[in-house]
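Single-structure report; data block below.
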Amino acid sequence: MEIFNHLMQGFAVALTPLNLAWLLAGSILGTVLGMLPGLGPSTGIALLLPMTFGMRPDTALIAMAAIYYGAMFGGSRSSILLNVPGDGAAVASCFDGYPMALNGQAEAALAISAIASFIGGLIATIAFVLVALPVARFALRFGPPEYFCLMVFALAATAAISKEALLKGVISLVLGLMLTTVGLDFQSGVPRFTFGSVELQMGIDFVVVIIGIYGISEVFVNLEHIAQQITRPVQTKFGRIWISMAQWKRSIGPILRQTPVGFFVGVLPGAGGTIAALMAYNNEKQISKHPEEFGKGAIEGLAAPEAANNACSVGAMIPMMTLGVPGSGTTAVMLGALLILGLQPGPLLFEQHPDVAWGVIASMFLGNIACAFINIPLAGLLVRVLSIPPKILYPLVVVLAFLGVYTINFSIMDFYLLVGLGFVGYLMKKFKVPTAPLILASVVGASMESSFRQSLMLSNGSLSIFFRSGISNALLIAAFLSLAWPFISDWRARKKREKSVDIPID
Amino acid sequence: MRPNALVGFTAIFVGIVYAVQAFHLPKAMIGNPWAPVYFPIGLGVLMAALGLLMVVLETRKGLTNLEGVKRPKFQASSLKLIFGAAALCILYALIFENLGFILSTLIFLGALLFLINGPRAWKLNTVLTVGFTFGAWYTFVKLFQINLP
């Protein structure tokens with residue numbers, strides 16, 4: 001009852017005309033920023049930060065939260081239409097979203113991504129209201145060894161996405177981890193692999209890696225098609241942006257199953273929307289009766305990560321708001337904004353400023369509805385991007401990618417890195433080396449190494465620290481099972497085939 | 001050679017070079033001097049080991065046995081376009097801060113469109129270049145308040 005009263009108080013705050021206007025503006029801005037490669041929610045919120053200085057704290061947080069989940073909605077638009085993820089969390093939406101668009105199902109892909117995002121976001125917000133404090137307390141039990149094991153699990157699960165090329169998946173993963181070692185080592189101040197460059201001391205931003213490996217390499221692959229006069233079948237006439245009953249039935253299970261996964265990953269500091277989406281995709285692929293359809297336009301392969309990344313964006317706000325610990329890069333920016341506004345994030349926020357805390361929570365319900373309305377009608381306009389000839393579209397994508405990358409660090413070094421990573425991604429695609437593990441590793445690599453070293457410091461160099469707690473053990477077992485699962489399922493399929501051969505035909 | 005074997009050899013090469021470079025990294029002044037180096041060395045060794053494993057697995061199938069293997073094709077016309085675009089990207093990086101966003105983007109996007117869309121569509125290329133450059137400048141500088149050179 002107490003929670004209900006607080007929530008009602010929150011709705012009263014969120015429904016004031018000013019807050020409602022900023023909620024809508026944030027949702028639209030977030031959707032647009034999410035669509036543009038390189039301009040994800042963290043960049044969007046960082047850009048909005050100076051604007052929030054003149055706002056009331058509740059208005060500022062409501063606007064920033066709206067940008068966050070608006071970007072989660074919008075990020076998938078460019079994944080589906082261009083195979084270029086708008087932000088990291090939309091990476092997994094490329095796997096089946098783009099093939100769906102190529103298969104002439106762009107309408108269904110756009111509709112299901114918005115519907116899945118809406119359901120994921122809504123359920124996660126309800127969960128936020130109910131379990132904020134208990135879940136955050138559980139996340140508090142995670143020490144460095146548990147974080148390291150969580151990263152190992154997330155990476156193992158991603159490498160196992162590519163069942164056919166597990167070894168190449170792990171090579172890709174290690175390459176991604178290597179990229180994260182570039183720059184100043186923040187624990188000792190030692191420069192690593194900077195080759196004397198001042199710009200490289202800050203490391204390689206994972207957004208540069210994502211845009212290079214996905215965006216630029218995709219442009220290179222498409223230039224090949226242009227040179228060989230290969231044209232992709234592009235749908236020019238579109239029907240109603242909606243899904244059939246059969247597609248709904250296929251999607252609702254994955255949405256409901258992966259929403260809690262995304263929410264839980266979001267709650268854990270360090271793990272973000274990219275991990276949530278990739279884990280959700282991997283989970284659905286592994287439990288699917290038709291895993292061979294994944295990567296070729298399976299609707300559940302799009303619905304699952306979309307639900308998970310929106311649930312994650314809500315979950316990530318829990319530790320930020322209740323503990324003062326950011327759950328993702330975006331919430332880190334929001335945390336900074338809270339401090340600038342004179343609010344001390346943490347449990348006291350709920351006691352001293354309940355109007356702000358519950359106002360933001362209530363605004364998430366309204367924001368999800370707003371985003372769903374923005375994204376489904378807007379999708380009708382966006383699908384027309386597909387009818388633009390690739391010869392025109394790709395040069396524009398290249399300029400957008402460069403601009404997006406420049407706005408992160410304002411460093412020209414990122415331009416060179418972008419081209420280099422574009423070539424690496426192109427070669428990886430030519431040699432069928434999966435790129436997703438590299439992306440994930442580049443996102444979690446720095447915090448993974450930091451957790452690893454903190455753990456070793458705690459144990460005086462003994463690796464046994466990773467096997468001491470139940471949480472670590474459970475995560476390591478899950479990691480092992482993820483890597484072993486492709487072999488187990490192959491073995492089971494072989495057994496099945498052998499059995500069927502043993503049956504006498506006549 | 002089988003494409004996977006080539007991936008394996010590349011992984012061995014990258015792993016060894018990276019591990020050697022990691023070994024020669026400066027050591028920490030405080031605490032364990034080798035602390036910043038352990039993780040990179042581990043990664044280098046792991047990469048080389050994975051590459052070796054891949055090469056061994058491919059050797060079993062016959063390194064030069066290409067039966068049923070799809071080799072990646074690199075056609076001259078494609079490479080010309082890809083390297084041309086990459087060269088323009090490098091040029092963009094070189095001139096971006098010196099000439100400023102508008103002038104460098106007009107040159108870069110114009111050249112890229114002429115390369116990819118062809119010189120025959122010069123009217124469309126020109127309109128797109130000018131329109132997109134000023135549109136992007138307005139969006140970033142005026143709407144998003146991002147300072148561009």
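Fair warning: this is a prediction, and the values are worked out from it, not measured in the lab. Here is the naming used below: chain letters follow the sequence lines, and residue numbers restart at 1 for every chain.
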Looking at chain A, which one of [options] has the largest number of heavy-atom pairs inside 4.5 Å, strictly under?
options	result
Leu115(B), Val14(B), Thr10(B), Leu128(B)	Leu128(B)
Lys80(B), Arg71(B), Met54(B)	Met54(B)
Pro40(B), Gly44(B), Ala136(B), Ala11(B)	Pro40(B)
Leu53(B), Thr105(B), Thr133(B), Leu46(B)	Leu53(B)

Contacting moiety of [X], where chain B heavy atoms sit under 4.5 Å:
X	answer
Leu175(A)	both
Val433(A)	side chain
Phe410(A)	both
Phe452(A)	side chain

Check [X] against [Y] and note the closest heavy-atom contact, atom names and distance.
X	Y	answer
Glu199(A)	Ser411(A)	CG-OG, 3.5 Å
Leu109(B)	Pro395(A)	CD1-O, 3.8 Å
Phe108(B)	Val398(A)	CZ-CG1, 3.6 Å
Ser217(A)	Tyr426(A)	CB-N, 3.3 Å

Under 4.5 Å heavy-atom distance to chain A, tell me which part of [X] shows up: side chain, backbone, both or neither.
X	value
Tyr18(B)	both
Leu124(B)	side chain
Leu57(B)	side chain
Ile116(B)	both
Ala22(B)	both
Asn125(B)	neither
Ala35(B)	both

> Does Glu224(A) pair with Lys430(A) as a salt bridge, N-O distance under 4.0 Å?
Replying inline: yes

> Roughly how far, to the nearest 0.5 Å, is CZ of Phe39(B) from CG of Asp185(A)?
Replying inline: 11.0 Å

> What is the distance from atom CG of Leu456(A) to atom CG of Leu463(A), rounded to the nearest 0.5 Å?
Replying inline: 6.0 Å

Heavy-atom pair count under 4.5 Å with chain B, highest-scoring of [options]:
options	value
Thr181(A), Leu177(A), Val170(A), Leu403(A)	Leu403(A)
Arg453(A), Met178(A), Met413(A)	Met178(A)
Ile171(A), Ile216(A), Val419(A)	Ile171(A)
Val399(A), Asp414(A), Val219(A), Leu418(A)	Val399(A)

>> Using side-chain heavy atoms (C-beta onward) and a distance below 4.5 Å, is Pro149(B) in contact with Tyr406(A)?
In response: yes

>> Between Lys123(B) and Ala121(B) (side chain of the first, backbone of the second, donor and acceptor by atom type, cut-off under 3.5 Å), is there such a pair?
In response: no

> Which residues pass the side-chain contact (heavy atoms from CB on, under 4.5 Å) test with Lys432(A), sequence neighbours left out?
Replying inline: Lys168(A)

>> Just to verify, what does Val127(B) make a side-chain contact (heavy atoms from CB on, under 4.5 Å) with, not counting sequence neighbours?
In response: none

> Who in residues 188-196 of chain A is close to chain B, using a strict under-4.5 Å heavy-atom cut-off?
Replying inline: Ser188(A), Val190(A), Pro191(A), Arg192(A), Phe193(A), Phe195(A)

> Should we say atom CH2 of Trp34(B) is surrounded by more than 12 heavy atoms from elsewhere, each under 6.0 Å from it?
Replying inline: yes

> What do you reckon, is CZ of Phe74(B) surrounded by more than 12 foreign heavy atoms closer than 6.0 Å?
Replying inline: yes

>> Using the ring pair (Phe, Tyr, Trp, His ring centres under 6.0 Å) criterion, which residues pair with Trp137(B)? Sequence neighbours excluded.
In response: none

> With ring centroids as reference points, do Phe402(A) and Phe101(B) lie under 6.0 angstrom apart?
Replying inline: no

